[in-house]
Amino acid sequence: MNIHEYQGKKLFKDAGVAVLEGRHCTSVKDALEAYDTLESKVVAVKSQIHAGGRGKGNLYSPDNRDLIMEGGVKIAFSREEVETYSQNILGNILVTKQTGEEGKLVRNLYIESGCDIAHEYYLAMLVDREEKSVLIMASTEGGMDIEEVAENNPEAIHKVWIDAHAGLLPFQTRNLGAALGFSGASLKSFSKMLPKLYNVFVSNDCSMVEINPLVKTSDDQIIALDAKIGFDSNAEFRHNSEWDEMRDMSEEEETEIRASEAGLSYVKLDGNIGCLVNGAGLAMATMDVIQLYGGEPANFLDVGGGANEEQVTTAFSIILEDPNVKGILVNIFGGIMRCDIIARGVIAAVENLGLEVPLVVRLAGTNVEQGKEILAESTLNIHPADDLANGAQRIVELIGGGN
C-alpha cells in the first residue's frame, strides 16, 4: 500500500523529522488559501499521485490528451502563479516514467513553503531480504533518477545495513553523515533526523521510505523535501484503522480492489493472455513460459491455495473485463487446493460468463485425475494441457501468436 507525499510528510512531522510547512488541497480555492496561510513568498505546487518522477512528468487534458503543462511540480513566486499552476494540475492527467502512457488523474495538490537549498541528496530505507535487515541508501546526488546514479556513478551511493535487533546505532548515523559530506551543524541536524526516520520505518511497518531530495539549507539544516512511503501489506492487521484512513482508492485499479476483496491477488499487465494460477511463484513461471513461446501475459492473477468455485468464477470475470484478453491459460498445482474443485469452478465460470475466448487448462497434483475427468466430460470448448510448456504453447497458438 502506498500513500501520498502530504500523508508521508505528516508521519514525518509527527515523528520529529524536519519538513517544511505545507497544506493538502483538492481545489484551486484551497491552493490559494494555503498560499495565504503559509505566508511564504515562494511555494512549491506539487501534484499528488502514487508515482515518482512527478517533476519531470507532463500534464495532459483527460479528454483529448492535449499537452497542458510540462512538469507536475512547480515553484510559484506569486499568488497568481499558484492559481495558474493549480488550474493546470488539478483534474488533468500526469504522465511520468512510472505511470506509463496512461498516466494518472491528479485529484490532490500539496502547497509547500519554499526554502533556501544549498544542496540536494537522496535517502531511502527499504527491507533487504537477502541480508535480513533494513538497508539505508544515500547519495550526494539527489533530485536525479537514482537508477542513473547507480549505473553511471555507483561510488556516489552509500549503503548501511541495520540489524533489526540492535537498531540504528549512533556510529552508523555519524559515518553515513560524514560519507555524505556533512560536518558541524549539518552533521548534527542529520544525526538527529536519521534515527527518527528509522523509527517511522519500523513503527509503521514500511516496505520503503524514500526522500528525493533530502536537502541541506543555507543555514546547514537537513530537511525532508519529499516523502514517498510504501507499507508492507502483510502487517495490515496491525494498522487496519490508520491505513484505511490513508488509503486512496482512486489511485488503485478497480479490478485489483475487487480481487483483493474476494481474496485474490491481481495485477493488470499489457499483454493479451489471461493467467489464472495458484501461488505467486507459479504465476511468475507461467508468465515467463508464455513469453518464451512468443505470447504476452495480460495479468498476474493468483487465486491462492484455498480458492473455491465462487472465487474462481470471480477470477474469470476479472480477467475477462480486460478487453485486450484474447485467450486464458489456467495453470493449477493442487497441493492444499484440489484439482477437482478447480475443474468445477472453471466449468461454472465458463457456463455463467459465456466464455468466447480460447481456454487452456493445465492441472497437476491432488485429485488431478478427477479434475481431468470433469473437464473431459463437459461439452465446453476447453483445451487440456499435460504440462506448463504444452499449455503455454497451446494458448499462444490458439490466439494466433507464437515464435
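By convention here, the first residue in the shown sequence is residue 1.
- A 4.5 Å side-chain heavy-atom check between I332 and L276 finds at least one atom pair inside the cut-off.
- Here salt bridge (charged side-chain N to carboxylate O under 4.0 Å, His left out) pairs that include residues 202-211, with residues two or more places apart or in two chains, are D205-R238.
- Partners of N108 under the side chain to side chain donor-acceptor pair (under 3.5 Å) rule, at least two apart in sequence or in another chain, are H24.
- Of the possible donor and acceptor atoms, one in the side chain of T96 sits under 3.5 Å from a partner among the backbone N and O of G52.
- The two residues H158 and L180 have their closest heavy-atom pair at CD2-CD2, 3.9 Å.
- Counting heavy atoms from C-beta on, the side chains of V346 and I382 come closer than 4.5 Å.
- Remark: K10 NZ is loosely packed, at most 12 non-hydrogen atoms of other residues, nucleotides or ligands lying under 6.0 Å away.
- The heavy-atom pair separating I75 from A44 by the smallest distance is CD1-CB, 3.9 Å.
- Panel note: side chain D302, backbone G279; a donor-acceptor pair is recorded below 3.5 Å.
- The main-chain N or O of T217 is never found under 3.5 Å from a side-chain atom of Q221 such that the two would form a donor-acceptor pair.
- Of the listed residues (R107, Q7, H4, E5), just one forms a side chain to side chain donor-acceptor pair (under 3.5 Å) with Q48, and that residue is E5.
- In terms of the side chain to side chain contact (heavy atoms under 4.5 Å, CB included) criterion, residue partners of A385 (sequence neighbours excluded) are, by chain and number, V360, R362, N390.
- The number of heavy atoms from other shown groups lying within 6.0 Å of CG (D386) does not exceed 12.
- Considering only heavy atoms from C-beta on, C275 comes within 4.5 Å of I290 through its side chain.
- For D340, the side chain to side chain contact (heavy atoms under 4.5 Å, CB included) partners two or more places apart in sequence, or in a different chain, are R338, R344, N367, Q370, I374.
- Here the closest non-hydrogen pair linking L94 and G57 is CD1-C, 4.0 Å.
- Between F190 and Y121, the gap from one ring centroid to the other reaches at least 6.0 Å.
- Scanning for side chain to side chain donor-acceptor pair (under 3.5 Å) contacts around S86 gives an empty result, with sequence neighbours left out.
- With a 4.5 Å cut-off on side-chain heavy atoms, F201 and V127 count as touching.
- T313 and N352 are not linked by any side-chain donor-acceptor pair at a separation below 3.5 angstrom, with hydrogens and angles left out of the test.
- D63 meets the side chain to side chain donor-acceptor pair (under 3.5 Å) test with no other residue; sequence neighbours excluded.
- The side chain to side chain contact (heavy atoms under 4.5 Å, CB included) search around V19 returns K9, F12, K13, A224, not counting sequence neighbours.
- Counting only residues at least two apart or in different chains, salt bridge (charged side-chain N to carboxylate O under 4.0 Å, His left out) contacts with residues 186-199 are absent.
- Listed for the N204 side chain is no donor-acceptor partner under 3.5 Å among the backbone atoms of C206.
- Considering all non-hydrogen atoms of both residues, R258 and S317 come closest at NH2-OG, 3.4 Å.
- For the side chain to side chain donor-acceptor pair (under 3.5 Å) test, no residue two or more places apart in sequence or in another chain qualifies with T173.
- Residues E120 and D226 form no side-chain contact, since every pair of their non-hydrogen atoms from C-beta on lies 4.5 Å or further apart.
- Going from atom NZ of K159 over to atom CG of L176 covers 13.0 Å, rounded to the nearest 0.5 Å.
- For residues 84-102, the pairs satisfying salt bridge (charged side-chain N to carboxylate O under 4.0 Å, His left out) are K97-D145, K97-E148, with sequence neighbours left out.
- Every residue two or more places apart in sequence or in another chain that forms a side chain to side chain contact (heavy atoms under 4.5 Å, CB included) with S113 is listed here: E21, L38, S40.
- With hydrogens and angles disregarded, a donor-acceptor distance shorter than 3.5 Å links the side chain of S191 to the backbone of L187.
- At least one side-chain heavy atom of Q311 sits under 4.5 Å from a side-chain heavy atom of L264.
- In D270, the CG atom is not crowded: 12 or fewer heavy atoms of neighbouring residues, nucleotides or ligands sit closer than 6.0 Å.
- Side-chain atoms of S189 come within 3.5 Å of backbone atoms of I222 as a donor-acceptor pair (strictly under, hydrogens ignored).
- In terms of modelled atom types and a separation under 3.5 Å, the side chain of Q172 and the main chain of W161 share a donor-acceptor contact.
- With values rounded to the nearest 0.5 angstrom, M208 atom CE is found 12.5 Å from D232 atom CG.
- Contact annotation: the side chain of I342 never approaches that of N278 to less than 4.5 Å [non-hydrogen atoms, C-beta and beyond].
- Judged as a salt bridge (Lys or Arg N to Asp or Glu O under 4.0 Å), and not counting sequence neighbours, K372 has no contacts.
- Counting heavy atoms from C-beta on, the side chains of L282 and N331 come closer than 4.5 Å.
- Remark: the backbone N or O of F182 is not paired with any side-chain donor or acceptor of S186 at under 3.5 angstrom.
- Shortest non-hydrogen contact noted between V325 and A298 is CG2-CB, 3.8 Å.
- Contact between F300 and M284 at its shortest, heavy atoms only, is CE1-SD, 4.0 Å.
- Without hydrogens or angle criteria, H50 side chain to K104 main chain gives no donor-acceptor distance under 3.5 Å.
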